[in-house]
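A, B, ... follow the sequence lines: proteins, then strands. Residue 1 opens every chain. As the structure is a computational prediction, the values presented were derived from the model and not from experiment.
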Protein chains: 2
Amino acid sequence: MTRKQWELTAGEWAIIQAVWDNEPCAAPTIQEALEKKIGWSYSTVKTMMDRMVGKGLLRTQRIRNLILYSSSITKKEAQSGEIMRAMRRAFDGALTPMMQFMLDSKSLTEDELGQLEAMIKNKKDKTKGGK
Amino acid sequence: MTRKQWELTAGEWAIIQAVWDNEPCAAPTIQEALEKKIGWSYSTVKTMMDRMVGKGLLRTQRIRNLILYSSSITKKEAQSGEIMRAMRRAFDGALTPMMQFMLDSKSLTEDELGQLEAMIKNKKDKTKGGK
DNA sequence: GAGCTTACTCTACAAGTGTAGAGACAGTCA
DNA sequence: TGACTGTCTCTACACTTGTAGAGTAAGCTC
């Protein structure tokens with residue numbers, strides 16, 4: 001299905017996160033949600049949201065005079081897009097070096113390392129067994 | 001030292017990669033290097049490079065009538081910035097969930113999984129012993 | 001010293017992003 | 001029915017990014 005790769009801007013991330021938490025919801029809801037965090041005015045939020053509809057990131061449904069927004073991409077898709085961008089730009093599109101870099105440069109607790117190790121083991125089993 | 005966090009655009013990545021490969025070097029060198037890949041004209045390249053100097057991504061050194069450019073950030077810094085951006089935006093700034101997501105959603109060969117496992121073991125030893 | 005080559009400077013423009021004011025419109029309540 | 005409130009529409013502007021043409025300046029060659 002060759003899914004489209006999404007690259008959201010910082011502002012779009014702020015908005016879509018609020019949408020995921022509230023959908024379906026009207027623009028004022030989002031504005032209120034973001035008010036505290038980033039203090040955008042209603043116009044700002046509404047403008048961005050409508051642009052995001054144009055891009056296919058959100059979709060709308062009109063109920064009388066109210067416009068309800070929902071996301072049209074999932075959080076996973078957006079997260080994946082974000083990772084792909086980093087991977088493509090900074091690591092020639094290769095995952096392993098990127099993960100190695102992350103392991104290498106960040107301070108992970110022993111606990112976290114353990115968790116990751118477990119995940120890998122799990123994954124390995126599946127790779128071997130499955131298929 | 002609270003290093004500045006760099007967020008390069010796609011174009012800036014293209015250029016700085018070429019600079020890393022050739023520095024110190026003049027703008028035409030970079031243009032030639034990128035010609036094949038992305039076909040930018042000299043003006044385009046030069047404009048971007050000068051803007052990057054303004055931002056502190058590159059620096060210059062004038063030798064008579066020639067301007068030599070070098071990077072003022074390392075590849076590691078740029079890579080790290082790219083990862084931080086993804087992490088901040090898409091994973092609330094948390095590394096482990098991001099790594100889990102990567103492990104989970106991508107197809108890694110058994111080999112790659114093995115490599116990662118080894119790295120983690122290594123890291124774990126250091127975490128434990130090293131203090 | 002006229003022309004060629006090489007590199008540089010200046011200027012510009014379109015698209016995208018962040019930002020928001022002003023005004024219109026509909027529903028509600030006194 | 002007039003004021004108020006909530007929501008929407010329109011319009012606009014500054015800044016960034018990608019993109020590049022046109023013109024200038026310096027050095028080299030015959």
Whether each nucleotide of nucleotides 18-25 of chain C has a protein heavy atom under 4.0 Å at its base (B), only at its sugar-phosphate (S) or at neither (-) is summarised, 5' to 3', as BBBBB---
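- Of the possible donor and acceptor atoms, one in the side chain of Q31(B) sits under 3.5 Å from a partner among the backbone N and O of W40(B).
- In this structure, L103(A) and L116(A) have side chains that are in contact, with non-hydrogen atoms separated by less than 4.5 Å.
- Look at CD1 on I30(B): it is 13 Å from P on dA7(C), rounded to the nearest Å.
- The 5' end of DNA chain C is approached more closely, in terms of each residue's nearest nucleotide, by I67(B) than by the other of I67(B) and K55(A).
- For W6(A) and E82(A), the side-chain atoms include no donor-acceptor pair closer than 3.5 Å.
- One interatomic measurement links the two molecules: CD1 of I63(A) to P of dG27(C), which rounds to 14 Å at whole-angstrom precision.
- In this entry the distance linking CG of L68(B) with C1' of dT6(C) reads 14 Å, nearest Å.
- The shortest distance between the side-chain N/O atoms of K46(B) and the OP1/OP2 oxygens of dA22(D) is not below 4.0 Å.
- For the pair N65(A) and dG27(C), the criterion of a side-chain N or O lying under 4.0 Å from OP1 or OP2 is met.
- For the pair D104(B)/M119(A), a side-chain contact is recorded, criterion being any heavy-atom separation below 4.5 Å from C-beta on.
- Rounded to whole angstrom, the span from the CG atom of L57(B) across to the P atom of dT16(D) amounts to 13 Å.
- When only modelled atom types and interatomic distance are considered, T44(B) and T47(B) share no side-chain donor-acceptor pair under 3.5 Å.
- One can place CZ of R89(B) at 11 Å from P of dT17(C), the figure rounded to the nearest angstrom.
- Under the 4.0 Å criterion applied to side-chain N and carboxylate O atoms, E23(B) and R59(B) are not assigned as salt-bridge partners.
- A donor-acceptor pair under 3.5 Å is formed between the side chain of E112(B) and the backbone N or O of T109(B).
- Atom pair Q61(A):CD and dC8(D):P shows a separation of 13 Å (rounding to whole Å applied).
- We find that CE of M49(A) is positioned 17 Å from C1' of dT17(C), with the value rounded to whole Å.
- An OP1 or OP2 oxygen of dG27(D) is reached within less than 4.0 angstrom by a side-chain nitrogen or oxygen of R64(B).
- A26(A) comes within 4.0 angstrom of no nucleic acid atom, judged by non-hydrogen atoms across all strands.
- The nearest whole Å value for the distance from the CG atom in D50(B) to the P atom in dA7(C) is 15 Å.
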